[in-house]
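Atoms considered below: every heavy atom in the structure, side chains included; atoms not considered: hydrogens, waters and symmetry mates.
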Amino acid sequence: VGLEYLNRVVLPTKARQWAEAAATQALGRTVTIGRLRAHLWHGFLLEEVTVLEDPRYGPGPLLEADQVSGGILFVPILRDRELVIPSLHIVRPRLRLVEGANGKWNLEELFPKGRPGAAPGKGRGAAPRRRFGVMIPRVVLTGGEVEARTRAGALRLSDLNAECGLFLPARVEWAGSADLRSDRAG
């Protein structure tokens with residue numbers, strides 16, 4: 001009864017709002033979640049997840065996903081300030097990469113280089129703070145799409161299926177397959 005109340009009353013409002021606010025702060029981009037469900041033993045399910053684009057790179061979403069699901073290990077959060085999700089499944093992710101007029105990509109600010117403790121979207125004068133570590137040894141992407149827009153044209157990867165591991169802020173490991181199409185603008 002308690003978990004049912006949690007899934008029907010608390011998670012659709014308060015927990016979803018908290019998750020959106022935490023993700024927005026961490027990424028420096030507005031994040032929305034259409035629906036959030038959780039189960040103590042089976043983990044969480046997010047539906048209709050959107051990360052909005054930085055307005056300097058155009059309107060619309062940077063990333064959308066139909067579903068994101070996984071489980072969380074709670075001891076590392078309390079003990080080591082590290083979020084550990086043993087396995088994360090992302091269904092129908094759609095990522096839009098844009099190269100700006102200055103040659104920088106829209107994703108660069110999400111992963112600041114050479115500034116330990118720097119949070120995305122913060123200026124050089126921001127005081128360093130210890131970053132919250134994230135470890136997701138297995139991330140499975142199913143049916144994804146990536147659109148890359150450069151100053152020279154556009155490139156689209158569709159039917160992307162990949163598996164990767166995230167060990168942030170240190171490294172990302174990945175392998176996968178995709179159907180490649182080039183939409184070159186004349």
Side-chain angles (χ1 to χ4, degrees), residues 2-8 10-52 61-97 106-112 119-120 130-148 156-180:
L3 284 177
E4 191 62 29
Y5 176 77
L6 182 70
N7 274 322
R8 289 186 186 264
V10 176
L11 290 177
T13 56
K14 297 294 183 190
R16 182 179 53 79
Q17 291 168 357
W18 175 85
E20 288 175 338
T24 295
Q25 181 179 3
L27 295 175
R29 310 273 173 97
T30 301
V31 176
T32 62
I33 301 168
R35 184 174 178 200
L36 184 150
R37 291 186 56 83
H39 188 278
L40 189 58
W41 315 123
H42 300 161
F44 63 88
L45 171 65
L46 309 176
E47 295 180 321
E48 300 171 16
V49 177
T50 301
V51 178
L52 292 182
L62 163 69
L63 174 68
E64 295 177 291
D66 289 358
Q67 291 184 340
V68 178
S69 62
I72 297 174
L73 299 180
F74 292 101
V75 171
I77 292 173
L78 302 172
R79 187 184 64 205
D80 303 323
R81 286 188 44 93
E82 183 169 78
L83 176 63
V84 177
I85 300 174
S87 184
L88 187 70
H89 296 266
I90 305 173
V91 177
R92 291 212 47 211
R94 295 164 303 284
L95 175 64
R96 189 176 75 113
L97 301 174
N106 58 345
L107 286 181
E108 286 187 49
E109 290 181 10
L110 295 178
F111 304 102
R130 184 169 181 250
R131 289 185 75 173
F132 198 87
V134 176
M135 184 171 70
I136 309 172
R138 184 169 184 247
V139 179
V140 178
L141 306 172
T142 305
E145 184 176 294
V146 175
E147 176 185 356
R156 182 181 305 272
L157 294 170
S158 60
D159 199 25
L160 176 66
N161 298 299
E163 187 167 325
C164 62
L166 300 175
F167 305 90
L168 299 177
R171 70 183 193 279
V172 175
E173 302 169 354
W174 71 277
S177 65
D179 179 22
L180 175 65

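- The line from CD of Glu47 to CD1 of Ile33 is 11.0 Å long, rounded to the nearest 0.5 Å.
- One finds the CD1 atom of Ile90 at 13.5 Å from the CD atom of Glu64 (value rounded to the nearest 0.5 Å).
- When all heavy atoms of Arg16 and Leu36 are compared, the closest pair comes out as CA-CD1, 4.1 Å.
- The two atoms that bring Pro86 and Gly71 nearest to each other are CD-O, 3.5 Å, heavy atoms only.
- Residues Glu145 and Arg94 are not paired through a salt bridge, judged by the lack of any N-O separation under 4.0 Å between the basic side chain and the carboxylate.
- Between the Asp159 side chain and the Gly143 main chain, no donor and acceptor come within less than 3.5 Å of each other.
- Atom CD of Glu147 is separated from atom CZ of Arg96 by 7.0 Å, given to the nearest 0.5 angstrom.
- Taking 4.0 Å as the cut-off between side-chain N and carboxylate O, Arg138 and Glu163 count as a salt-bridged pair.
- When each of Leu95, Val146, Leu97 is tested with Leu157 by the rule side chain to side chain contact (heavy atoms under 4.5 Å, CB included), just one qualifies, namely Val146.
- Taking both residues in full, the closest heavy atoms of Thr24 and Val31 are given as OG1-N, 2.9 Å, listed atom of the first, atom of the second, then distance.
- The two residues Ile85 and Gly70 come nearest to each other via the heavy atoms CG2-CA, 4.5 Å.
- Contact check for Thr30 versus Thr50: no side-chain heavy atoms found under the 4.5 Å cut-off.
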